[in-house]
Amino acid sequence: MIATAWPRIAPGVNRPTGHFFKDMNMPKKENTLRVVMIAASLALAGCGNGTPAVSADAPIHEAPSSGDPAADLVRNFRMGANLEEMANEVAASTHTYATVSPTDVKAQISRLTPKYQTEWDANLAKAHAAHLSPEALRSLAAEGRRSPFYPKLEQQRPAIAADMKAMSGALLQRLVTEALASAAKRS
């Protein structure tokens, strides 16, 4: 997915040749852009494994309303569950990944994901709230694809993905950077 998405996002741009870390503390500028571009491509491709944002006809995890319909939508349909998968894909595309144990990187990402999950989910909720009315969000949170607002969600998906990229690109980079640094220390 990443290999095929990258040329569409940044045609003519090759992968950077330097190591992802300089002195294992600072990501190189061109690699920072690369991680953000990869995150954007994943977000625009449906935020992960290609499943739609609301991937079920009924909520996967329905809990009492929190009072925030966007947060309810994200929680009920586990829309943020792809954070770990996305972090693994971004990490695997770095040069540092080849210098450390992939098993260690995946273990570190799995360990660190809960630290970033709340902010990721909050950003997803903000991105949806910026483009859908509270009424639409409540309906989508309760009815999923059966909601009369589902076509509106589909129509707004590119704008929601762009907002998510802007709000969460740095978060995804922090997660991947921390995981790679931790795995490198263990190597």
Side-chain angles (χ1 to χ4, degrees), residues 1-2 5-6 8-9 32-91 93 106 108-179:
M1 175 189 248
I2 292 172
W6 182 253
R8 284 184 284 137
I9 293 168
T32 300
L33 174 62
R34 183 167 171 250
V35 169
V36 170
M37 294 300 290
I38 291 168
S41 71
L42 292 170
L44 290 171
C47 295
N49 62 7
T51 59
V54 178
S55 61
D57 289 332
I60 294 167
H61 173 72
E62 194 165 10
S65 175
S66 68
D68 178 355
D72 292 343
L73 174 65
V74 169
R75 183 195 64 239
N76 289 356
F77 289 93
R78 298 190 57 219
M79 293 170 74
N82 61 344
L83 175 59
E84 185 172 337
E85 178 185 344
M86 288 181 65
N88 279 311
E89 289 183 30
V90 170
S93 71
K106 288 178 182 176
Q108 292 305 313
I109 288 172
S110 183
R111 179 183 67 81
L112 292 166
T113 296
K115 175 180 172 181
Y116 294 93
Q117 190 70 57
T118 301
E119 185 179 355
W120 181 263
D121 289 350
N123 288 348
L124 271 170
K126 287 178 200 168
H128 283 80
H131 299 280
L132 298 165
S133 70
E135 176 188 11
L137 291 165
R138 275 190 289 278
S139 175
L140 287 161
E143 300 175 59
R145 287 191 216 175
R146 295 181 308 215
S147 166
F149 294 98
Y150 188 75
K152 175 78 170 172
L153 171 64
E154 288 295 309
Q155 177 187 19
Q156 292 298 318
R157 186 158 302 185
I160 293 168
D163 284 359
M164 188 60 183
K165 170 192 160 197
M167 287 187 281
S168 297
L171 179 150
L172 185 59
Q173 181 183 348
R174 287 192 317 268
L175 170 55
V176 170
T177 300
E178 188 175 345

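All heavy atoms count here, side chains included; hydrogens, waters and symmetry mates do not.
The shortest distance between side-chain heavy atoms of Glu119 and Arg174 falls below 4.5 Å. Residues Leu140 and Tyr150 are in side-chain contact: their nearest non-hydrogen atoms beyond the backbone lie under 4.5 Å apart. A heavy-atom distance below 4.5 Å is found between the side chains of Met79 and His128. Inter-residue side-chain proximity for Lys152 and Ser133 is flagged as unmet; no heavy-atom pair is nearer than 4.5 Å.
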Going through the distances and angles, do Arg75 and Asp72 end up as a side chain to side chain contact (heavy atoms under 4.5 Å, CB included)?
CA-CA 5 Å; Arg75 183 195 64 239; Asp72 292 343; 3.2 Å; yes
Could you go through Leu83 and Leu172, starting from their C-alpha distance and side-chain angles, then the distance that decides it, and tell me whether this counts as side chain to side chain contact (heavy atoms under 4.5 Å, CB included)?
CA-CA 8 Å; Leu83 175 59; Leu172 185 59; 4.0 Å; yes
Go through the steps for Trp120 and Glu84 under the test side chain to side chain contact (heavy atoms under 4.5 Å, CB included), then give the verdict.
CA-CA 11 Å; Trp120 181 263; Glu84 185 172 337; over 6 Å; no
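In this structure, Ser168 contributes its side chain and Leu171 its backbone to no donor-acceptor pair below 3.5 Å. Between the side chain of Ser110 and the backbone N or O of Lys106, no donor-acceptor pair lies under 3.5 Å. Of the possible donor and acceptor atoms, one in the side chain of Asn76 sits under 3.5 Å from a partner among the backbone N and O of Ala141. In this structure, the side chain of Asn123 does not engage the main chain of Met164 through any donor-acceptor pair within 3.5 Å.
Partners of Arg138 by salt bridge (charged side-chain N to carboxylate O under 4.0 Å, His left out), not counting sequence neighbours: none found. Scored by the salt bridge (charged side-chain N to carboxylate O under 4.0 Å, His left out) test, Lys115 finds Glu178 as partners (sequence neighbours excluded).
Judged by distance alone, the side chains of Gln117 and Thr113 never bring a donor and an acceptor atom under 3.5 Å apart.
Nearest heavy atoms, Ala179 versus Ile109: CB-CG1, 3.4 Å.
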